Visitor: 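Let me begin by handing over the structure; questions about it come next.
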Amino acid sequence: MNFKKELAEILAGLLDGEKTAAELELLIEKPKNASHGDLAFPCFSLAKIKRKAPNLIAQELAEKIQSPTFEKVEVVGAYLNFFLNKKLVAEQLVSQIISQNGAFGTQEFGQDGNVTIDMSSPNIAKPFSMGHLRSTVIGNAIALIVEKCGYKPIKINHLGDWGTQFGKLITAYKLWGDEDKVKANPIKELLTLYVRFHEEAESNPSLEDDGRAWFKRLEDGDEEAQSLWQWFRDESLKEFARIYDLMNVEFDSFNGEAFYNDKMDRVVNLLEEKGLLVESDSAMVVELTEEELPPCLIKKSDGATLYATRDLAAALYRKENYDFVKSLYVVGHEQSLHFKQLIAVLKKMGYDWAEKMVHIPFGMMLKDGKKMSTRKGKVVLLEEVLNESIEMARHNIEEKNPSLANKDEVAKQVGVGAVIFHDLKNNRMNDIEFSLEEMLRFEGETGPYVQYTFARACSILRKGNWQAEAAQHTFNTSWEKEWKVVSFLMEFPNAIKRACENFDPSLIAKYVVDLAQVFNKYYAEVRILEESEEQPARLALVYSVTEVLKEGLRLLGIKAPEEM
Ligand code: ARG
C-alpha cells in the first residue's frame with residue numbers, strides 16, 4: 001500500500017538510470033488540494049540531466065505512464081499529478097484493514113532492537129508533579145509507538161530515591177515525625193517534614209550537618225537509616241501506583257537512583273583511569289571545555305556522589321544489560337544541559353554508543369500562564385486532577401447517555417483519556433495550559449471528541465448489523481464520496497512511522513483528530529445506513545475507521561469505549 005514507492009519505481013523505469021527509485025520517492029509530494037490528485041511529481045530536478053524544459057519532460061513522461069494503480073495522470077506546468085484508481089485502491093485498503101484484525105499500520109523496521117525509555121521518574125517523598133505526568137504520558141506513548149514499529153520498548157522508572165535530601169528527611173522524621181500520620185498520608189506528611197526541615201534550618205544551621213550525617217549513614221548501609229529510607233520509598237511508591245493504575249501505565253523496571261549506589265565506584269574509577277577526572281574547588285569534575293559545556297560534577301568535596309554520577313552508572317548498566325539500539329530520556333527541557341553533559345562525558349570515555357542516547361525534552365504545564373509548581377505548599381495533586389476529570393466525564397455521561405451500562409469504567413476512560421490527549425496533541429516542546437474544561441470538550445481537538453466519534457461509528461455498525469467475519473470484500477461502488485476518508489486511512493502507517501522517527505506522539509494525536517473530522521463530515525453527508533447497493537462498502541469503510549481510530553488512540557495510551 002505504499003503508492004509513493006510504487007510510483008517512484010514506475011518513474012525510475014522510465015528514466016533509464018538517471019535517478020534511483022529511492023531518490024525519486026523523496027521528490028514525490030502529496031498535494032494539499034485534492035483537485036491536484038493524490039500524488040504529484042515535480043520535474044524541475046530532471047531539467048539539468050535531460051537538458052530539457054521541465055514542462056516538456058512532464059509531457060513526455062505523462063504519455064509513457066501506464067499503470068492500473070493510477071486512473072489518470074495530468075500535466076500542470078512542470079508537475080505531473082497522479083490520481084489513484086479509487087476502486088482498486090479503496091478495496092485493497094479496506095480488505096487489508098479488515099483482514100489484519102487490528103494490525104494495520106504495524107511495521108518491522110525496528111527489527112526487535114531494544115529501546116530503553118527513561119520515563120516518569122518521580123521523586124520519592126514528593127508529590128507527583130505535572131512534569132512527571134508529562135514524562136509518563138509522553139514516554140508511554142513513545143513506548144507503544146516504537147513497539148508498533150518493531151522495536152522492543154523497555155520502560156524504566158528512574159526513581160529519584162537517593163541523595164542528600166533523604167538524610168534531611170530522616171533527620172526531620174526523627175525530630176518531629178509521627179508514624180501514623182506518615183502511614184495515613186505518606187507524601188503529604190513527608191513533604192511537610194521536608195519543608196519544616198528547611199524552615200528550621202534557616203535559624204539552626206546545624207540541622208544541615210545532621211542531614212548530611214544521616215545521608216552518609218544511609219550510603220554506608222546503616223540499618224536504621226536504610227529501614228527508614230525503605231519505608232519512605234515503599235509508602236511513596238504505593239501512592240504513585242494508584243496514579244499509574246488510573247493511567248494504565250506499567251514499567252519494566254523501577255531501578256532508580258538508589259539502585260546505582262554500589263555501581264558508582266566503578267564509574268569514578270573508569271573516569272580516573274581514562275584521565276578524565278580533575279579536581280576543581282576540592283570537588284571532582286570532568287572538564288568539557290572542548291564541548292563548550294560547563295564541567296560535569298562527579299563527586300562533591302565530602303565524597304558524596306551526584307545525580308550525574310548516578311546517571312553515568314545507569315547508562316553503563318543499561319548498555320550492558322539491554323544492549324539498546326536507542327536509549328531515550330523523557331525528561332523536561334530544564335534538564336537539557338544535564339543530558340548534554342552526560343552524553344559528552346560518555347563520549348569522552350570512548351563509548352560510541354552514547355550516540356544512541358537521546359534526550360526527549362518537553363515544555364511545562366502552565367496554569368493561568370504560570371508554571372504549576374509543587375513547592376511552597378502550592379501542591380497540585382495529580383491524583384485529584386485525574387479524579388476531577390473522571391468526575392466531570394461522569395457528569396457529561398449522566399447528561400448525554402444516562403442509561404449507559406458501565407458508566408464508571410467509561411467515565412474513567414474518558415476522564416483519563418482527556419488528560420492524556422490534551423498533553424499529547426501539541427508538539428511536546430510547547431508549554432501547555434492546563435484546563436479541565438478545555439480537555440473534556442466534546443468538540444474540537446480533544447480526546448473525548450475522538451472517542452465520541454469512535455463510539456458513534458460503532459453504533460452505526462451495530463445498527464447496520466455489521467460483522468467483520470462475514471464482510472464482503474468486493475463492492476459495488478465507485479468510492480467517490482468515500483475517497484477523502486479512504487485517502488486519510490491510507491496515511492495511517494505513514495503517520496506512525498513519522499511519529500516513531502521523531503519520537504513525536506502529537507503526529508498520531510493530530511492524525512486521529514483529522515480522521516475523526518473527515519469521518520464526521522462524511523457521516524453528515526452520506527446516509528450510510530440507507531439500504532442501497534453501496535451499503536456494504538460504506539459499512540466496511542466505517543469499520544475501517546473504527547479500527548484505525550481505536551488503534552490510534554491505543555498508541556497514545558487511551559482507551560476507546562464502544563458506547564459513551
Ligand atoms: N527524578 C528526576 C526529576 O524529577 C528525573 C529523572 C530523569 N531521569 C534521569 N535518568 N535523570 O527531576
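Order of listing sets the numbers, starting from 1, for every ligand and every atom in it. All heavy atoms count here, side chains included; hydrogens, waters and symmetry mates do not. If you're wondering where the values come from, they're calculated on a predicted model, not measured in any experiment. For this chain, numbers begin at 1 and follow the sequence in order.
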Visitor: In this structure, does ligand 1 have an atom that sits under 4.0 Å from one of the heavy atoms of R310?
Guide: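 Checking ligand 1 against R310, which is what was asked, there is no heavy-atom contact under 4.0 Å.
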
Visitor: Just so I know, are the side chains of C149 and E108 near enough to count as touching, which here means a heavy-atom distance under 4.5 Å?
Guide: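 Of all side-chain heavy-atom pairs linking E108 with C149, none is under 4.5 Å.
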
Visitor: Students should be able to answer this: which protein heavy-atom is nearest to atom 6 (C) of ligand 1, and at what distance?
Guide: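 The closest heavy atom on the protein side is Y307 OH, 3.2 Å.
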
Visitor: Is there a polar contact between ligand 1 and Y329, counting only N or O atoms under 3.5 Å apart?
Guide: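 Between Y329 and ligand 1, no N or O pair is found under 3.5 Å apart.
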
Visitor: What protein heavy atom sits nearest atom 4 (O) of ligand 1, and how far away is it?
Guide: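 Looking at atom 4 (O) of ligand 1, the protein heavy atom closest to it is H132 NE2, 2.7 Å.
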
Visitor: Using a 4.0 Å cut-off to any heavy atom of Q335, which atoms of ligand 1 qualify?
Guide: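 With Q335 as reference, the close atoms of ligand 1 come out as 3 (C), 12 (O).
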
Visitor: Identify, by atom number and element, the atoms of ligand 1 in contact range of N123, meaning under 4.0 Å from any of its heavy atoms.
Guide: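 Counting from 1, the qualifying ligand atoms are 1 (N), 2 (C), 3 (C), 4 (O).
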
Visitor: Would you check, one step at a time, whether the test ring pair (Phe, Tyr, Trp, His ring centres under 6.0 Å) holds for Y307 with H338?
Guide: CA-CA 9 Å; Y307 184 56; H338 166 75; 4.5 Å; yes

Visitor: Between F215 and W162, is the gap from one ring center to the other below 6.0 Å?
Guide: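 Yes - the distance between ring centres of F215 and W162 falls below the 6.0 Å cut-off.
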
Visitor: Are V512 and L555 side-chain neighbours, meaning at least one heavy-atom pair lies under 4.5 Å?
Guide: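 No. Closest side-chain heavy atoms not under 4.5 Å.
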
Visitor: Look at the rings of W353 and Y351 and say which category their plane angle falls in: under 30° parallel, 30 to 60° tilted, over 60° perpendicular.
Guide: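 Parallel, since the angle between the ring planes stays under 30°.
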
Visitor: Would the Y244 and F128 ring centres measure less than 6.0 Å apart?
Guide: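 Y244 vs F128: aromatic centres under 6.0 Å.
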
Visitor: Counting both backbone and side chain atoms, is some N or O of D118 under 3.5 Å from an N or O of ligand 1?
Guide: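 The answer is yes, given that D118 and ligand 1 share an N or O pair closer than 3.5 Å.
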
Visitor: Considering only heavy atoms, does F339 approach ligand 1 within less than 4.0 Å through its side chain, its backbone, both, or neither?
Guide: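 Under 4.0 Å from ligand 1, F339 contributes side-chain atoms alone.
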
Visitor: With ring centroids as reference points, do Y449 and Y452 lie under 6.0 angstrom apart?
Guide: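 No, the ring of Y449 stays outside the 6.0 Å limit from the ring of Y452, centre to centre.
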
Visitor: What about the rings of F232 and Y173, do their centers lie closer together than 6.0 Å?
Guide: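 Ring centroids of F232 and Y173 are less than 6.0 Å from each other.
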
Visitor: In ligand 1, which numbered atoms sit nearer than 4.0 Å to a non-hydrogen atom of V331?
Guide: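 By the 4.0 Å cutoff, the relevant atoms are 7 (C), 8 (N).
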
Visitor: Considering both backbone and side-chain atoms of R318, is one of its nitrogen or oxygen atoms within less than 3.5 Å of a nitrogen or oxygen in ligand 1?
Guide: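 No; the residue has no nitrogen or oxygen that sits under 3.5 Å from a nitrogen or oxygen of the ligand.
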
Visitor: Pick one of side chain, backbone, both or neither for how L159 approaches ligand 1, counting any non-hydrogen atom pair under 4.0 Å.
Guide: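 Answer for L159: neither.
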
